[in-house]
Amino acid sequence: MVTKITKSLEDKTEEEMLAIKGDGARHTSSIMKFYCFISIVAFFVKHEAVLPICCRMIELTLLSGVTKHSVMGLVQISATICQRSSLLCDVRGACDIGELGISLLDRIESSDIIAQAYFVYYGFAAHYT
């Protein structure tokens with residue numbers, strides 16, 4: 001599952017991510033918000049559940065378009081892969097995904113999650129590069 005997601009994000013740019021137009025349904029945003037909260041809880045309670053949750057967040061992003069919670073999915077999967085990976089190539093790819101998420105912060109309305117996204121990426125992933 002993680003390999004499939006990382007491959008699908010491998011060469012994505014900001015413009016390609018922002019060009020994804022899904023159904024625009026309001027419920028997708030609510031689902032993403034729920035996944036964002038549950039991934040934070042899973043990080044502390046059941047760490048092995050974080051990757052599947054983040055993968056689902058990214059799948060929804062690729063289907064429905066980028067939201068501020070999509071950015072958190074990108075950053076969280078980056079941090080989780082970096083924490084678990086023993087191979088340097090996995091870390092570099094994971095950091096690229098996190099950097100994509102951080103760069104998307106400026107392009108979407110996300111003022112309420114900027115600190116959270118920076119903390120997760122720079123605290124758990126960026127120092128591996």
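Being a predicted model, the structure only gives us computed values, none of them experimental. In what follows, every heavy atom counts, from backbone to side chain, and hydrogens, waters and symmetry copies are set aside.
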statement: Output for pair (S70 OG, M17 CE), nearest 0.5 Å, gives 7.0 Å

task: Find out whether I81 and V91 are in side-chain contact, i.e. whether some heavy atom of one side chain is under 4.5 Å from a heavy atom of the other.
output: no

field: Heavy-atom closest contact (V75 atom, A117 atom, distance)
entry: CG1-O, 3.5 Å

Report, one line per pair, each donor and acceptor closer than 3.5 Å where one atom sits in a side chain of residues 34-41; sequence neighbours left out.
{"residue": "S39", "atom": "OG", "partner": "Y35", "partner atom": "O", "Å": "3.3"}
{"residue": "S39", "atom": "OG", "partner": "C36", "partner atom": "O", "Å": "2.8"}
{"residue": "S39", "atom": "OG", "partner": "Q76", "partner atom": "OE1", "Å": "2.7"}
{"residue": "S39", "atom": "OG", "partner": "Q76", "partner atom": "NE2", "Å": "3.2"}

task: Find the distance between CG (L62) and CD1 (I5) and round it off to the nearest 0.5 Å.
output: 6.5 Å

query: What's the shortest heavy-atom distance between T61 and I20, and which atoms?
result: O-CG2, 3.8 Å

message: Contact between V71 and S110 at the side-chain level, heavy atoms closer than 4.5 Å - yes or no?
response: no

statement: Residue pairs meeting side-chain hydrogen bond (donor to acceptor under 3.5 Å, both in side chains), one or both in residues 47-57, sequence neighbours left out, come to R56-E59

message: Rounded to the nearest 0.5 Å, what separates atom CD in E16 from atom CG in L100?
response: 9.5 Å

- request: Determine, using the 4.5 Å side-chain heavy-atom cutoff (strictly less than), whether I58 and M1 are members of one ILVMFWY cluster.
  value: no

- prompt: What distance do L74 atom CG and I102 atom CD1 have between them, rounded to the nearest 0.5 Å?
  reply: 9.5 Å

- request: With the side chain counted from C-beta on, respond yes when Y121 and S78 share a heavy-atom pair under 4.5 Å apart, and no when they do not.
  value: yes

message: Under a 4.0 Å threshold between the charged nitrogen and the carboxylate oxygen, would K68 count as salt-bridged to E109?
response: no

Nearest-0.5 Å distance that lies between atom CG in L105 and atom CD in E14: 10.0 Å

message: So which atom in M57 and which in H69 form the shortest heavy-atom distance, rounded to 0.1 Å?
response: CE-O, 3.2 Å

- prompt: Which atom pair, heavy atoms only, marks the closest approach of A125 to C95?
  reply: O-SG, 3.4 Å

field: Reported CG-to-OG1 distance for the pair L63 and T28, which is rounded to 0.5 angstrom
entry: 9.0 Å

- prompt: Below 4.5 Å, heavy atoms only, C-beta onward: do T67 and K33 meet side chain to side chain?
  reply: no

